[in-house]
Amino acid sequence: MKRNWTLILGSSFFIILVLITLIGPYLPFIDNVLESKRIIFTDSGVLTAPYEPSRDFLLGSDKEGRDLLSIIVVGARETLGLILAVAALRYAIAILLAVLSVNKKGPFHWILQGWNQIFSALPVIFSAIILLSLPIIFFHEHRFFWAIAILAAIEVGRVGTILQSHFHMIKKTPYVEAGITVGVSPFTLFTTYYLPNALPDLVVQFFLDMGRIALLIGQLGIFSIFITQQFVQLNYGSGIIENTSLNWATMLGQARGDLLRAFWIPFFPALALAFTVLTFNVLGEGLRKHFHRLEA
C-alpha cells in the first residue's frame with residue numbers, strides 16, 4: 001500500500017509542537033523565569049540588549065535582554081492553547097446550529113445563513129480588527145475571553161454551513177430516514193448516525209481551521225491587535241497599550257520596529273507561527289487523503 005507521506009509529515013510536525021509545548025519549558029537550557037539582562041559585562045567591553053544570536057543566546061534576545069528561544073518555548077503553550085480554544089468553541093457552536101438546522105428551514109437555518117452572510121461580506125481579518133477594537137472590548141478586564149469568543153464567532157457561519165450540508169446529506173440516507181420513521185430520538189440520531197458519518201470530514205476541517213486561526217492571530221499581531229493587553233499611563237492624559245501575552249502572534253506586533261535593528265526578534269516568532277500553520281494544514285490534508293482512501 002502506498003504510504004501517506006502527507007499524513008506522516010503532518011503527524012511528525014504535530015508531535016514536535018506537542019513536545020515543545022509540554023516538555024520544552026522544563027528543558028535545562030530554557031529560562032522559565034525569562035530573566036532580563038539589559039547589560040552584560042564582558043572582557044571586551046559592555047554589551048546592551050538586544051543581543052544577536054550566539055552561544056549564550058541561540059536565537060538572540062529581545063529588547064529586554066530575555067532569551068528569545070525561552071520566550072518562544074514558554075509561549076508555545078499559550079499560543080496553541082489559544083488556537084485550540086478558538087477552534088473548539090467555534091465547532092461547538094457550529095455543530096449545534098448545524099444539527100438544529102439540518103432540514104435547511106426554520107429559525108436556526110435563518111440564523112446560520114444570516115451569520116454566514118454577514119461575516120463573509122468582509123475579510124476575516126477586517127472583522128476581527130473591528131470587533132476587537134470596540135471600546136467595550138478594547139478596555140475590558142476579561143479581554144482574553146472576549147477575544148476567544150469573537151475569533152470563534154467570526155467563522156461560525158461558514159463552518160456551520162459546511163456541517164449543515166454534511167448532516168443534510170446524511171439525513172437523506174435510507175438508514176437515517178428509517179430511524180426517523182420508527183421514532184428514534186434526535187439525540188440518538190446525532191450520536192449514532194450524524195456524528196459518526198460526518199466525523200472524518202469534521203476532523204479534517206477542524207485541523208485545517210486551526211491553521212486558519214493561527215494565521216489569523218498572526219495577522220492580528222502584525223496589526224498590533226493584542227489578545228491580552230494593559231494600558232500604561234505615561235503622562236497626564238496620555239499612555240500606551242502594551243501586550244501582556246507571550247503567544248507568538250502578538251510578539252510580532254511589538255517587534256515590527258526591530259526588523260532592521262534586530263531582525264531575529266520578529267523573525268523567529270514569525271517562523272514558529274508559520275511552522276504551526278504549516279503543521280495544521282499538512283496534517284489536515286494528510287487526514288483527508290487517509291479518510292478518502294478508507295472510503296475507496
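Note that the coordinates shown come from a computational prediction; the quantities given were computed from them, not determined experimentally.
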When you measure from the side chain of [X] to the backbone N and O of [Y], does any donor-acceptor pair fall under 3.5 Å?
{"X": "N32", "Y": "P25", "answer": "yes"}
{"X": "Y91", "Y": "V86", "answer": "no"}
{"X": "R143", "Y": "L132", "answer": "yes"}
{"X": "T173", "Y": "M169", "answer": "no"}
{"X": "W248", "Y": "L271", "answer": "no"}
{"X": "S120", "Y": "Q117", "answer": "yes"}
{"X": "R90", "Y": "I154", "answer": "no"}

Check whether [X] and [Y] end up in the same hydrophobic cluster, where Ile, Leu, Val, Met, Phe, Trp and Tyr are linked by side-chain heavy atoms less than 4.5 Å apart.
{"X": "L84", "Y": "I95", "answer": "yes"}
{"X": "F29", "Y": "I40", "answer": "no"}
{"X": "V18", "Y": "V277", "answer": "no"}
{"X": "L163", "Y": "W110", "answer": "no"}
{"X": "I125", "Y": "L215", "answer": "no"}

If you measure from [atom1] on [X] to [atom2] on [Y], what distance do you get to the nearest 0.5 Å?
{"X": "L69", "Y": "I30", "atom1": "CG", "atom2": "CD1", "result": "4.0 Å"}
{"X": "F14", "Y": "L19", "atom1": "CZ", "atom2": "CG", "result": "10.5 Å"}
{"X": "L17", "Y": "L22", "atom1": "CG", "atom2": "CG", "result": "10.5 Å"}
{"X": "S54", "Y": "F57", "atom1": "OG", "atom2": "CZ", "result": "6.5 Å"}
{"X": "L34", "Y": "L68", "atom1": "CG", "atom2": "CG", "result": "10.5 Å"}
{"X": "W5", "Y": "I8", "atom1": "CH2", "atom2": "CD1", "result": "4.5 Å"}

Are any of the side-chain heavy atoms of [X] and [Y] separated by less than 4.5 Å?
{"X": "N116", "Y": "L112", "value": "no"}
{"X": "F119", "Y": "E155", "value": "no"}
{"X": "L208", "Y": "N281", "value": "yes"}
{"X": "F291", "Y": "L287", "value": "yes"}
{"X": "Q113", "Y": "T161", "value": "yes"}
{"X": "Q219", "Y": "V124", "value": "no"}
{"X": "L7", "Y": "L283", "value": "yes"}
{"X": "R212", "Y": "R158", "value": "yes"}

key: Parallel, tilted or perpendicular, as decided by the 30° and 60° cut-offs, for the rings of F167 and Y194   =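 Y194 vs F167 ring planes: tilted.
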
inquiry  = Is there a side chain to side chain contact (heavy atoms under 4.5 Å, CB included) between L100 and I111? Walk through the geometry before answering.
reply    = CA-CA 11 Å; L100 294 174; I111 291 173; over 6 Å; no

Nearest heavy atoms of [X] and [Y], plus distance in Å:
{"X": "F280", "Y": "M210", "result": "CZ-CE, 3.6 Å"}
{"X": "H290", "Y": "N4", "result": "N-ND2, 3.4 Å"}
{"X": "T192", "Y": "P196", "result": "O-CG, 3.4 Å"}
{"X": "G284", "Y": "V204", "result": "O-CG1, 3.6 Å"}
{"X": "I170", "Y": "Y193", "result": "CG2-O, 4.1 Å"}
{"X": "D62", "Y": "I265", "result": "CA-CD1, 3.9 Å"}

F275/T279 under side chain to side chain contact (heavy atoms under 4.5 Å, CB included): CA gap, chis, key distance, verdict = CA-CA 6 Å; F275 179 76; T279 295; 3.7 Å; yes

inquiry  = Apply side chain to side chain contact (heavy atoms under 4.5 Å, CB included) to residues T276 and T79 and explain how you reach the verdict.
reply    = CA-CA 10 Å; T276 303; T79 304; 5.6 Å; no

query = side chain to side chain contact (heavy atoms under 4.5 Å, CB included) between D209 and V159: does it pass, once the steps are laid out?
reply = CA-CA 9 Å; D209 255 32; V159 174; 3.3 Å; yes

task = Would you indicate whether E64, at its atom CD, is surrounded by more than 12 heavy atoms from other residues, nucleotides or ligands within a distance under 6.0 Å?
result =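 Counting neighbours around CD of E64, more than 12 heavy atoms of other residues, nucleotides or ligands fall under 6.0 Å, so yes.
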
message = Can you confirm whether F108 is buried at CZ, in the sense that more than 12 heavy atoms of other residues, nucleotides or ligands lie under 6.0 Å from that atom?
response = no

message = Looking at E35 and R66, is there a salt bridge between them, counting it only when a charged N and a carboxylate O are closer than 4.0 Å?
response = no

